[in-house]
Participant: 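Pasting a structure below so you can have a look.
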Protein chains: 2
Amino acid sequence: MTRILVVEDSEDMAFGLRNNLEFEGYEVDVAADGPAGLTRAEEGRADLMILDLTLPGMDGLDLLKALRARGNAIPILVLTARQEEIDKVEGLKLGADDYVTKPFGVMELLARVEALLRRSEQMQPMKVFRMGDIEVNVSARTVLRQGQPVELAPRELDLLLSLIAHQGRVVTREELLREVWGHAGRVVTRTVDTHVSELRRKLEPDATNPIFILTARKAGYRFDMDQLTELVP
Amino acid sequence: MTRILVVEDSEDMAFGLRNNLEFEGYEVDVAADGPAGLTRAEEGRADLMILDLTLPGMDGLDLLKALRARGNAIPILVLTARQEEIDKVEGLKLGADDYVTKPFGVMELLARVEALLRRSEQMQPMKVFRMGDIEVNVSARTVLRQGQPVELAPRELDLLLSLIAHQGRVVTREELLREVWGHAGRVVTRTVDTHVSELRRKLEPDATNPIFILTARKAGYRFDMDQLTELVP
DNA sequence: GACGAACATGACCAAATTGTAATCAATTTG
DNA sequence: CAAATTGATTACAATTTGGTCATGTTCGTC
């Protein structure tokens, strides 16, 4: 889920932004002033910031400066009113990644958000997990076992990723069906078992004694948290 | 004296640009169409080009490609009315150094010009990749195999560059379409497959067992990171 | 206007994938 | 302990998916 932090003092504007962004499927977090924005941004949970430059109190520009000064590289889309183009100039030199002048169209904003996210995706490190001698590269959709590629079918990989995403928690077959198969359609729940079996065969050191994908009787499956490391290179 | 070449067909726009830029102390040269722009650019007297992508006749994109193909590294600021064109230029790493969407404010334009000039002071080296015995010169848009030129159609080269730009990550057919085809025409996604096939035929040692452009079933394609070296000459 | 290159697309085929039934094994329950 | 329940595994036919080829179109060049 892509998370967008909106730093905006006007309630109306914040409401509008939230509405539109959420409609597009983003998760939206709103901060009403600079300091709050700074705090939220430093939590590091947002993938993109939309920053209104006409903030009261701590100026938006200061927020920008502060963030960048601390080495925070979150992509920032700056909003500014038309006549304050001077602000824009400064924003540019400071490290805003893009900006939009008010009044702006929804489509334009969304397009820029999308473009910015796309651009920043390249900068993000690859998502890689390690479990024992197995390495799962989410970005490349590859799995290595002792450096050797393991051939996983799409369904298998998706299932594995879903289990990993819920690491430490029991996931019911129904949940897995919903997440991996997409629909609560007519897939018999036993299908999950089959794929889990196949995954174990390919990944577990000893398929009859699984250490990664554990069975929770009468409940579902669980990926053992203790076996999993997230690599952030 | 810093010299700016403006490639712009609309007289009004050209006049406005010249006015403002000259007021800022730049020397301005205007070309009214693509071919004229290409000629002027090749004279090598300009420090920066402002290029309107909505040119008649020779498309602005073609001018861009043609310039870069000839190894011309002049910094280019692209003007465009359409977001999709930005996507295209950006996705391809075609060599626009920055862009502004119309309508834009004067201050914004000037800021970008300034930023671009500053950035280009420290000349960026030519981007060249090596994959096995293949050498891909991104800036020159040429491909050599054991020193011999490989003839790639524009689409093919664009596709290759896009894949290389995402090296190590799976890229969906939709993403490739957006970046290479520009999202404009509603091209069928299977078309990507055809071009990948052609690329493999021309580049892979064994097209039936690709080592560069790998298939990620149900997901897209991926350029194998391990096969790619970036040369910094 | 002929010709060829580029290119999008549909068709066809081979190979990979996958849902399911059937069977076997383990665990729980009464 | 036997029956019942639940999970594991295997086998396989149907379907999906991707590779490739042939075709029609467009566009620029001669």
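Proteins come first, then strands; the chains are lettered A, B, ... in the order of their sequence lines, and each starts at number 1.
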Participant: If I take atom CG in residue B:Asp158 and atom C1' in nucleotide C:dC7, what distance separates them, rounded to the nearest angstrom?
Facilitator: 13 Å
Participant: Send over the distance from B:Leu214 CG to C:dA16 C1', rounded to a whole Å.
Facilitator: 16 Å
Participant: Using ring-ring contact (aromatic ring centres under 6.0 Å, His included) as the criterion, list what pairs up with A:His166, not counting sequence neighbours.
Facilitator: none
Participant: Using the side chain to side chain contact (heavy atoms under 4.5 Å, CB included) criterion, which residues pair with B:Arg201? Sequence neighbours excluded.
Facilitator: B:Glu198
Participant: The side chain of B:Asp193 lies closest to which of these nucleotides: D:dT20, C:dC7, C:dT18?
Facilitator: D:dT20
Participant: Can you tell me if B:Arg201 touches the phosphate of D:dT20, counting only side-chain N or O atoms and a distance under 4.0 Å to OP1 or OP2?
Facilitator: no
Participant: Using side chain to side chain contact (heavy atoms under 4.5 Å, CB included) as the criterion, list what pairs up with A:Asp47, not counting sequence neighbours.
Facilitator: A:Thr2, A:Arg3, A:Leu117
Participant: Rounded to whole Å, how long is the line connecting atom CD of B:Glu156 with atom C1' of C:dA5?
Facilitator: 11 Å
Participant: Let me check something: any side-chain donor-acceptor pairs from residues 144-155 of chain A under 3.5 Å, sequence neighbours excluded? List them with distances.
Facilitator:
residue: A:Arg145; atom: NH1; partner: A:Lys202; partner atom: O; Å: 2.7
residue: A:Arg145; atom: NH2; partner: A:Glu204; partner atom: O; Å: 3.1
residue: A:Gln146; atom: NE2; partner: A:Asp133; partner atom: OD2; Å: 3.1

Participant: Provide the closest heavy-atom pair for A:Pro205 versus A:Ile211 in the form atom of the first, atom of the second, distance.
Facilitator: CG-CD1, 3.9 Å
Participant: Starting at atom CD of A:Glu198, determine the distance to atom P of C:dT20, rounded to an integer number of angstrom.
Facilitator: 17 Å
Participant: Expressed in angstrom and rounded to an integer, what is the separation of B:Arg200 atom CZ from D:dC21 atom P?
Facilitator: 13 Å
Participant: Write down the distance between NZ (A:Lys202) and P (D:dT9), rounded to a whole number of angstrom.
Facilitator: 14 Å
Participant: Look for any protein N or O under 3.5 Å of an N or O in nucleotides 24-30 of chain D and output each such pair with its distance, or none.
Facilitator:
none

Participant: According to side chain to side chain contact (heavy atoms under 4.5 Å, CB included), who are the partners of B:Ser197, at least two apart in sequence or on a separate chain?
Facilitator: none
Participant: Using heavy atoms and a sub-4.0 Å distance, could you list which residues of residues 136-153 of chain A are near DNA chain D? By number, please.
Facilitator: none
Participant: B:Arg190: which residues meet the side-chain hydrogen bond (donor to acceptor under 3.5 Å, both in side chains) condition with it, sequence neighbours left out?
Facilitator: B:Asp193
Participant: If you restrict it to nitrogen or oxygen atoms, what contacts under 3.5 Å exist between nucleotides 12-17 of chain D and the protein, and what is each distance?
Facilitator:
residue: D:dT17; atom: OP1; partner: B:Lys218; partner atom: NZ; Å: 3.3

Participant: Does C:dG30 have a Watson-Crick or wobble partner in any strand here, with both distances under 3.5 angstrom, and which is it?
Facilitator: D:dC1
Participant: Between A:Trp181 and A:His195, how do the two ring planes meet: parallel, tilted or perpendicular, split at 30° and 60°?
Facilitator: perpendicular
Participant: D:dG7 phosphate, OP1 or OP2: any side-chain N/O from A:Thr215 under 4.0 angstrom?
Facilitator: no
Participant: Can you check the B:Leu159 CG to C:dC7 P distance for me, whole Å?
Facilitator: 11 Å
Participant: Just how far is it from atom CD of A:Glu156 to atom CG of A:Leu203, taken to the nearest 0.5 Å?
Facilitator: 8.5 Å
Participant: Hey, is the side chain of A:His195 poking within less than 4.0 Å of OP1 or OP2 on D:dA8, counting only N and O atoms?
Facilitator: no
Participant: Report the nucleotide, chosen from C:dT17, D:dT9, C:dA6, that has the shortest atom-to-atom distance to any side-chain atom of A:Pro154.
Facilitator: C:dT17
Participant: Given D:dT6, is OP1 or OP2 found less than 4.0 Å from the side-chain N or O atoms of A:Tyr221?
Facilitator: no
Participant: By side-chain hydrogen bond (donor to acceptor under 3.5 Å, both in side chains), which residues pair with B:Asp206, not counting sequence neighbours?
Facilitator: B:Thr208
Participant: Start at the 5' end of DNA chain D and walk down; is the nucleotide closest to A:Ala216 or to A:Thr194 reached first?
Facilitator: A:Ala216
Participant: Could you tell me which residues satisfy side chain to side chain contact (heavy atoms under 4.5 Å, CB included) with B:Arg40, sequence neighbours excluded, listed by chain and number?
Facilitator: B:Leu5, B:Asp29, B:Ala31, B:Glu43
Participant: Please identify each residue that fulfils side-chain hydrogen bond (donor to acceptor under 3.5 Å, both in side chains) with B:Thr191, with sequence neighbours left out.
Facilitator: none
Participant: Just the rounded figure in Å: distance from P of D:dA8 to CG of A:Leu203.
Facilitator: 15 Å
Participant: If only side-chain N and O atoms of A:Trp181 are considered, is one of them under 4.0 Å from the OP1 or OP2 phosphate oxygen of C:dG19?
Facilitator: yes
